[in-house]
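Here the structure is a predicted model, which means the values were calculated and not measured. We number each residue from 1, following the sequence as shown.
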Amino acid sequence: MAVKLIIHNTEDSLFIRVMDPGKGFSAQDLEHTKKEFYCEDTSRHSAVNYGIELLNMDRIMKVHVGELELGNGEKGGAVVTLKLLLWIR
């Protein structure tokens, strides 16, 4: 079970897509994952995982006029896509 990384560009954007073969995001995850301290499994209490990684990535992308998209693959597994605008001077 390997994570797949795909990088491609269009004339004005760079896309970085990370796909994993796991169970993917639930509907609840897709709705709440970018919220601070959201943790999918409410029974887990971790001293090192506060549920802020995707929230921080979303904030970083917005600062750089980019987007963070979350979804699921056609055959399952999570898909996280980063879209950055390319600035040509």
Side-chain angles (χ1 to χ4, degrees):
M1 293 173 82
V3 173
K4 190 173 188 179
L5 177 67
I6 298 173
I7 301 171
H8 74 278
N9 67 292
T10 62
E11 188 173 311
D12 63 350
S13 299
L14 174 69
F15 297 87
I16 302 169
R17 180 167 290 148
V18 180
M19 299 178 290
D20 76 31
K23 65 181 181 121
F25 293 107
S26 69
Q28 181 177 343
D29 290 342
L30 290 173
E31 184 178 343
H32 299 288
T33 296
K34 294 181 190 176
K35 294 180 181 174
E36 196 163 14
F37 304 120
Y38 173 77
C39 184
E40 168 203 14
D41 184 351
T42 57
S43 67
R44 281 190 342 196
H45 299 286
S46 170
V48 295
N49 184 352
Y50 296 103
I52 59 174
E53 294 86 0
L54 289 173
L55 169 70
N56 285 333
M57 180 55 69
D58 189 48
R59 289 176 176 166
I60 291 167
M61 294 304 293
K62 287 177 180 173
V63 166
H64 293 284
V65 194
E67 295 177 34
L68 171 68
E69 297 176 1
L70 306 174
N72 291 310
E74 291 177 15
K75 297 179 181 179
V79 178
V80 177
T81 304
L82 309 175
K83 176 185 176 187
L84 291 163
L85 293 178
L86 297 175
W87 300 95
I88 300 172
R89 293 182 183 199

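The hydrophobic cluster containing Val79 does not contain Leu30, counting ILVMFWY residues as joined when their side-chain heavy atoms lie under 4.5 angstrom apart, directly or transitively. Residues Val3 and Ile16 share a single hydrophobic cluster, defined by chaining ILVMFWY side chains whose heavy atoms lie under 4.5 Å apart. In the hydrophobic cluster analysis, where Ile, Leu, Val, Met, Phe, Trp and Tyr join through side-chain heavy atoms closer than 4.5 angstrom, Met57 is grouped together with Ile7.
When atom types are taken as modelled, the side chain of Asp29 and the backbone of Ser26 share a donor-acceptor pair closer than 3.5 angstrom.
For the atom pair Asn9 CG and Phe15 CZ, the distance stands at 9.0 Å (nearest 0.5 Å). Note: Leu14 CG to Lys83 NZ = 11.0 Å, rounded to the nearest 0.5 Å. Here CD of Glu69 is found 10.5 Å from CG of Asp58. Values are rounded to the nearest 0.5 Å.
Residues Leu68 and Leu82 form a side-chain contact, since some pair of their non-hydrogen atoms from C-beta on lies under 4.5 Å apart.
Under the rule for a salt bridge (charged side-chain N to carboxylate O under 4.0 Å, His left out), Lys4 has no partner lying at least two apart in sequence or in another chain.
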message = Let's go through Leu84 and Met61 carefully: what are the C-alpha distance in whole Å and the side-chain angles of both, what is the deciding distance for side-chain contact (heavy atoms from CB on, under 4.5 Å) to 0.1 Å, and is it a yes or a no?
response = CA-CA 8 Å; Leu84 291 163; Met61 294 304 293; 3.5 Å; yes
key: Asp12 vs Thr10, side-chain contact (heavy atoms from CB on, under 4.5 Å): CA-CA, chis, key distance, verdict   = CA-CA 5 Å; Asp12 63 350; Thr10 62; 3.2 Å; yes
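Contact record, Ala2 with Pro21: O-CD, 3.4 Å, taken as the closest heavy-atom pair. Nearest heavy-atom pair, Ala78 versus Phe25, reported as atom, atom and distance to 0.1 Å: CB-CE1, 3.5 Å.
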